[in-house]
Amino acid sequence: MPLPNSAAAPPPAVAVLGGGAAGFFGAIACAEANPQQLVYLLEKSPKLLSKVRISGGGRCNVTHACESAAQLVQHYPRGGRQLKEAFRQFGVADTIAWFAERGVVLKTEADGRMFPTTDSSETIARALEDAAHRAGVRVLARTAADEIMALPEGGFSLRLSGEGSAAIGPELRVGRLLVATGGNPKSAAYDWLRALGHSIAEPVPSLFTFNVPASPLRELPGVSVQLARVVLAGEKLQYEGPLLVTHWGVSGPAVLKLSAWGARRLHELGYHGTALISWVPTYTDDTLRAWAHAYRLDNGKKQVAAHPQFGLPTRLWRTLVAEAGIGPEARWNEVPAKAQNRLLELLLRTPLQVQGKTTHKDEFVTCGGIPLNEVNLTTMESRRVSGLHFAGEVLDIDGITGGFNFQAAWTTGFLAGQAIAKVAQPVS
Ligand SMILES: Cc1cc2nc3c(=O)[nH]c(=O)nc-3n(C[C@H](O)[C@H](O)[C@H](O)COP(=O)(O)OP(=O)(O)OC[C@H]3O[C@@H](n4cnc5c(N)ncnc54)[C@H](O)[C@@H]3O)c2cc1C
């Protein structure tokens, strides 16, 4: 096959940068929609789909059972509102169908997360690799695009490095380029996109857990509750969900949601602040006081520490009781009003001094990237550089945990690939 490196008319090939979820989806969508089209998929590392492979604890949380685009967008701290139309074009049902057509059946867990029935991310990686192979995508690992130049006559010149580039030489000229290079919390990692004429929403990490070195809960690693509320004191940030006490602090969906929606603010605060935990989020000050009054009347002779309430784990309940200054043997009718009030306060607002963060091992993403107002969200084409498209985490889109980040990668990759297939010149 002749190489598409002609210096004359706009070159015909398409290059996709980044062999991750968005890059594979984009390359496959383009090649399937236009079988005549020569599509290169360039991945700088030796391993293709590396994040897919480690995702979801090795199970790959592919998407999330959401019935409508309107429901789906609510799970994106950045990008959701703008992506509503894109999700209508290619949403959760399309993802399920796409994988089913390629022999991969997804199942839904009780919390809405969707995984392959094999519970193995390898199933997803193989389906993507097979589909790319069948569609004729030329996949090159160990091939990095180090420099990209927009050509005056249209199209792009890519300066390549890495062993894989030996197959096509040090320069690749293409008519259209899909950038799906993923997120990166370092601002300098986006300099090459700035050089192409884009601005960058400053990248900061999202989806992290809180470090609480002096936590009153430090003796309780592994203890979890099904529903807690986490509030960042002094801020308008509060989220509910399961909460897990870790060796370093606190984690679990409630904390991760707060870290995602508050990613920028927490970055400004240097990841320092007071997190207030309500272990009884369905209660207010008034209703909890009323509960205590009634409970004490009926159960005055019961030892406080010995009878955990609200379904809280025994160790947690005992820790809160001790923190309130109530002795291990004390009975409800012996507890002074001050100590009882302290217990109620701890149930509603246990203060944890957050000092730093730990990146969530199961899923972390970058908040920031290519601003969405610089992209046509139907074709994912840059509004600044003709022929340049974006997909996946390189865009200023990120979701909370639960399969939302992959869904954004599938959606944006698919729309970009289809749009490129429509306009790119087929190889003659
Ligand atoms: C441990 C972990 C687990 C996760 N689990 C889940 C999950 O279960 N569900 C979910 O929805 N989300 C999950 N996520 C988030 C999800 O993996 C990402 O949002 C998603 O992979 C983004 O896809 P992408 O294709 O945009 O980027 P990436 O997957 O990061 O792929 C980008 C690729 O581009 C390559 N690249 C970069 N620069 C160049 C260049 N110049 N030339 C060539 N190649 C280049 C990179 O090497 C990389 O392979 C997880 C994330 C992590 C870190």
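Numbers for residues simply follow the sequence, beginning at 1. Just so you know, ligand 1 is whichever comes first in the structure, and atom 1 is the first atom listed for that ligand. Please read these numbers as outputs of a predicted model, since none were measured by experiment.
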Is [X] salt-bridged to [Y], going by a charged N under 4.0 Å from an acidic O?
X	Y	value
Glu43	Lys51	no
Glu374	Arg383	no
Glu381	Arg176	yes
Glu153	Arg173	yes
Glu171	Arg159	no
Glu268	Arg265	yes
Arg88	Asp94	no
Asp146	Lys44	no
Glu129	Arg126	no

Interatomic spacing from NE2 in His133 to CZ in Arg138 - rounded to 0.5 Å: 13.0 Å
CG on Leu220 to OG1 on Thr319, rounded to 0.5 Å: 4.0 Å
Is there a polar contact, in the sense of an N or O pair closer than 3.5 Å, between [X] and ligand 1?
X	value
Ser45	no
Ala22	yes
Leu17	no
Ile54	no
Val394	no
Phe406	yes
Asn61	yes

Would you mind running through ligand 1 and noting each atom that sits below 4.0 Å from a heavy atom of [X]?
X	result
Gly392	26 (O)
Gly403	9 (N), 10 (C), 11 (O)
Ala21	25 (O)
Gly182	26 (O), 27 (O), 30 (O), 32 (C)
Ser55	3 (C), 4 (C), 5 (N), 6 (C), 7 (C), 8 (O)
Phe404	11 (O)
Val365	15 (C), 19 (O)
Gly20	25 (O), 29 (O), 31 (O)

Which heavy atom of the protein is the closest neighbour of [atom], given with residue, atom name and distance?
atom	result
atom 30 (O) of ligand 1	Lys51 NZ, 3.3 Å
atom 41 (N) of ligand 1	Ala145 O, 3.1 Å
atom 34 (O) of ligand 1	Gly18 CA, 3.1 Å
atom 45 (C) of ligand 1	Lys44 CG, 3.7 Å
atom 2 (C) of ligand 1	Asp362 O, 3.3 Å
atom 35 (C) of ligand 1	Glu43 OE1, 3.2 Å
atom 50 (C) of ligand 1	Glu363 CG, 3.5 Å
atom 38 (N) of ligand 1	Thr181 CG2, 3.4 Å

Nearest atoms (heavy-atom pairs only) where Thr411 meets Ala86: CG2-O, 3.5 Å
Side chain, backbone, both or neither: the part of [X] lying under 4.0 Å from ligand 1 by heavy atom:
X	answer
Thr143	backbone
Ala180	backbone
Glu393	both
Leu42	backbone

Aromatic Phe115 / basic Arg59 pairing, under 6.0 angstrom, 45° off normal: yes
Arg102 NZ/CZ over Trp98 ring centroid, <6.0 Å and within 45° of normal: yes
Pair Trp248, Thr209: side-chain N/O donor-acceptor within cut-off below 3.5 Å: no
Distance-only side-chain donor-acceptor flag, Thr366 / Arg78, under 3.5 Å: no
Whether Asp146 lies under 4.0 Å from ligand 1, heavy atom: no
Ring pair (Phe, Tyr, Trp, His ring centres under 6.0 Å) contacts touching residues 186-218 (sequence neighbours left out): His198-Phe390, Phe208-Tyr271
Identity of the nearest option to atom 52 (C) of ligand 1, non-hydrogen atoms only, from Phe390, Phe24, Phe364: Phe364
